[in-house]
Protein chains: 2
Amino acid sequence: MPAARGGRPPTIRSVAEHAGVSKSLVSLVLRGSPRVSEARRRAVLDAVRELGYRPNATARHLTERRSHTVGVLLNDLRNPWFVECLEGLNSVFHAHDLRMFLGDGRLDRRTDEALTQGFLELPVDGMVLVGTMPESAVIAEAAATLPTVVASSRDFDLPGVPVFANDDRHGAALAVRHLADLGHRHIAHLAGSFGAVARLRRESYEQTMRAHGLGEHIRVERCDLTEEGGYRAAVRLLTGPRRPTALFAVNDMACVGALSAAEELGIAVPGELSLVGYDNTYLARIRHLSLTTVDNASHEVGRNAAKALLDRIAGRADGAGEHLLPPELRIRSSTAPPTRLTTS
Amino acid sequence: MPAARGGRPPTIRSVAEHAGVSKSLVSLVLRGSPRVSEARRRAVLDAVRELGYRPNATARHLTERRSHTVGVLLNDLRNPWFVECLEGLNSVFHAHDLRMFLGDGRLDRRTDEALTQGFLELPVDGMVLVGTMPESAVIAEAAATLPTVVASSRDFDLPGVPVFANDDRHGAALAVRHLADLGHRHIAHLAGSFGAVARLRRESYEQTMRAHGLGEHIRVERCDLTEEGGYRAAVRLLTGPRRPTALFAVNDMACVGALSAAEELGIAVPGELSLVGYDNTYLARIRHLSLTTVDNASHEVGRNAAKALLDRIAGRADGAGEHLLPPELRIRSSTAPPTRLTTS
DNA sequence: TCCCGTCTTTGGACCGGTCCAATCCGTATT
DNA sequence: AATACGGATTGGACCGGTCCAAAGACGGGA
C-alpha cells in the first residue's frame with residue numbers, strides 16, 4: 001500500500017521506525033551493503049514493501065553532490081539526425097545510469113542561455129552541446145565550470161573541450177567527387193547560411209571542384225537548412241542561366257527542397273539533374289525520395305561524445321581537440337551521369 | 001570570478017559571510033522580498049557577483065518538495081508529430097517555470113517502466129503520457145500517485161486522469177468522406193496493428209464506408225506505423241485482385257510508404273491512386289510528397305494537456321474524461337477523383 | 001570469568017537551501 | 001522617560017537522504 005492519501009510519502013526514517021532499525025541501516029540495505037545481517041535486511045525490505053517506500057532522488061543528489069543528469073543542448077529536434085545522435089548519446093549514458101536533460105533551444109522558447117543557466121543551477125554532472133549553435137558567453141562559462149563535450153558541431157573552440165563530429169570536409173569531397181566521377185561539370189552547391197559545419201562543407205566543395213579542374217563552374221547558393229530554404233535556393237539556381245546538372249546540398253532537408261523544385265520545374269531527377277544531400281537521415285532513405293547522401297555517422301558521433309563526457313565527469317580530462325569520424329557516401333536514386341556530356 | 005578551481009562552489013552561507021549578513025537575509029534578497037533595506041540588498045548582490053554564486057536547484061527542490069519538473073513519457077521521437085506535441089506542452093510549461101524531463105521509451109532502452117520509476121523517485125511534479133503505449137502496472141501506479149494527464153493517446157483509462165487528443169473517429173470520417181465525395185468506391189485502409197488510436201481510426205473507416213453505402217468495399221490491411229510498414233502493406237493491396245483506387249493510411253509515415261509502393265509499381269498518384277494520411281506532419285507538407293492528410297492538432301492538444309496538468313499540480317483536479325479537439329482535413333496533391341468511374 | 005577482535009548497528013553531522021518564530025532597533029505615542 | 005509598534009534581521013529546525021566515527025554484540029582464547 002503506497003503513501004496514505006494526502007499524507008507525506010514515506011521516508012527512510014519511516015521505514016527505519018517501521019522495521020525497528022536505524023535509518024543508517026536502511027540506507028545500507030538499500031545500497032546493497034554486504035555487511036548487514038540477513039534478518040535485518042529482510043525486516044527492512046519488508047518495511048519498504050509495506051510502506052511503498054521510494055527513495056527520493058533529489059535528496060540523494062544533494063548529499064552526493066551529483067545529479068546523475070547530463071544536460072544536452074541542441075537546437076532543433078525537428079531535424080531528424082538529432083534524434084539519431086541522441087540515441088547514440090543515450091545508449092552510453094543509460095549504461096552508466098545517467099539521465100539526459102534535453103534542452104531544445106528552438107523547442108524551448110528559452111534561449112540557449114537560459115537553458116545553460118538551468119544546467120549550471122541544477123547542477124548537471126556534465127553538458128553536451130549538439131549541433132550548430134551560436135557561441136555565447138554563458139555557454140563558454142558553463143563549459144569552463146562543467147565537464148563539457150561538443151557533438152556534431154564545429155563552431156566551438158572552448159579550451160579543453162573536445163569536439164566529436166564527422167569529417168565534413170571529407171564528406172563534402174566524397175559528394176562532389178561522386179558527381180564529378182559521374183561526368184558532371186556544372187555542379188552547384190546549396191550552402192547553409194551560417195555555422196562552421198556549413199562553412200566547411202562549402203569550402204570543401206569549392207576545393208574539390210578546383211581539384212577536379214572545375215573551378216570555373218563553382219556556384220554557391222545560400223539557403224537555410226529547411227526544406228523551404230532548399231526549395232527556394234534550388235528554384236533560383238534552376239531557373240537562372242547555365243543551369244547546373246548536379247546539386248550538392250548542405251543537408252538532406254535542403255536536398256528534399258531541391259527535389260521538389262526540380263519536380264515543379266519539370267526537371268527529371270536524376271535524368272536531368274543529380275542531387276546529393278548530407279546526413280543520411282530517414283528522409284533520404286524514404287523510397288519515394290531515395291536521395292544519394294553522405295552518412296555523417298551521427299549515432300557513432302553521439303556514442304563517442306558520451307564516452308568522452310563520462311571520462312571527464314570521472315576526472316580524466318584527456319583528449320581535447322577534434323575527433324573526426326569518416327563519413328560515407330550512400331548512393332541511391334538521385335544521382336546519375338548527366339544526360340549528354342556534349343551539352344554540358 | 002567563479003568558484004576557485006577545485007574548491008567547492010559558493011553557497012548561500014559563503015555569500016552571507018562575505019556580505020556580513022545572515023544566510024536568511026541572503027535568501028530573502030534572492031527571492032526578491034520587499035522588506036529588505038536597500039543597503040543590505042546591495043551588499044548581498046555585490047557578494048553574489050563577486051563570488052559568482054549560483055543557487056543550487058537541487059537543494060531548493062528538496063525543501064520546496066517540488067522539482068519544478070514534469071516527466072514526459074513518449075515512445076518514438078522519430079515520429080515527427082511528437083515534436084509538434086512537445087512544443088505545445090513546452091509553450092505552456094515554460095511559461096510556468098517547469099522543465100520537461102523527456103523519457104523516450106524507444107530512444108531510451110530503458111522500458112517505459114524504468115522511466116516511470118525514475119519519475120516517481122525524482123520525484124517529478126507531474127507526468128504526461130504522450131502517444132500510444134502499452135498499459136502497465138507501474139504507469140498506473142504512478143498515475144495514482146502523481147498528477148497525470150494523457151495526450152494524444154486513447155489507450156489509458158486511468159481513474160481521474162484526463163485524456164487530451166484529437167477526435168480520431170471524426171478525423172478518419174473526414175478522410176473517408178473526402179475520398180468518397182471524390183467518387184472513390186474501392187477505398188482501402190492501412191491500419192495500425194495496435195493501440196486504441198489505430199483501432200478508432202479503423203472502426204471509423206469501416207463505419208463511414210458503410211454510411212456511404214460502401215460496406216462491401218471495406219478492406220483493411222494491417223501495418224506498423226513506419227514507412228517500411230506502409231510500403232509493404234500497400235504492395236500487398238496494390239498487387240492483389242480488385243485493386244483499390246484510394247487508400248486511407250493510419251498515419252503519414254505509412255502513407256509515404258504507400259506512395260513509394262505506388263511509384264515502384266508504376267501506379268500514378270493521384271491519377272490512378274489517391275492517398276490520405278493522418279497527422280499532418282511536415283512529411284505531408286514536403287512539396288515532393290504533398291499528402292492530403294488529417295491535421296490532428298497536436299500542438300493544441302499539447303497545450304491543453306499541459307494546462308490541465310498545471311491545474312492538477314495546483315490541486316484543481318477537475319475535468320477528468322476525454323477532451324477531444326476537432327481534426328481538420330488538409331487537401332493536397334495526393335487525392336483526386338478516380339480516373340474513370342466506369343472501371344471501378 | 002575477563003579481554004579482545006570482528007562484524008553489525010547506530011547517532012549525528014552534513015549537503016544547500018526555505019521558512020518561521022523570535023529578536024532587534026528606531027520612532028511615534030502617551 | 002517609559003511603552004508600544006512595525007519593519008528589518010537572525011537563529012535554528014527542517015527537507016530526505018549519505019557517510020563516518022564510535023558504540024554494541026558476539027564468539028574465542030587466556
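Side chains included, hydrogens not; waters and symmetry mates left out as well; all remaining heavy atoms used. Lettering follows sequence order; numbering is per chain, from 1. Note that this is a predicted model, so its numbers are computed, not measured.
Side chain of A/Asp104 to main chain of A/Leu77: a donor-acceptor pair is present (N/O by atom type, distance under 3.5 Å, no hydrogens or angles). With hydrogens and angles ignored, the 3.5 Å screen pairs a side-chain donor or acceptor of A/Asn56 with a backbone N or O of A/Ala59.
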For nucleotides 22-26 of chain D, tabulate all protein N/O to nucleotide N/O atom pairs closer than 3.5 Å, reporting atom names and distance.
none

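Ion pair A/Arg154/A/Glu322 flagged as a salt bridge, since at least one NZ, NE, NH1 or NH2 atom sits closer than 4.0 Å to an Asp/Glu carboxylate oxygen. With respect to A/Glu38 and A/Arg42, a salt bridge is recorded, a charged nitrogen being found less than 4.0 Å from a carboxylate O.
Note: B/Phe119 and B/Phe101 have tilted aromatic rings, judged against thresholds of 30 and 60 degrees for the angle between ring planes.
Applying the side-chain hydrogen bond (donor to acceptor under 3.5 Å, both in side chains) test to residues at least two apart or on different chains, the pairs with a partner in residues 301-313 of chain B are B/Ser91-B/Arg303, B/Asp311-B/Arg316.
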A correct 5'-to-3' footprint of nucleotides 5-21 of chain D, with B, S and - meaning base, sugar-phosphate only and no protein heavy atom under 4.0 Å, is ---SSBBB--BBBBB--

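Side-chain atoms of B/Ser37 and B/Arg41 include no donor-acceptor pair closer than 3.5 Å.
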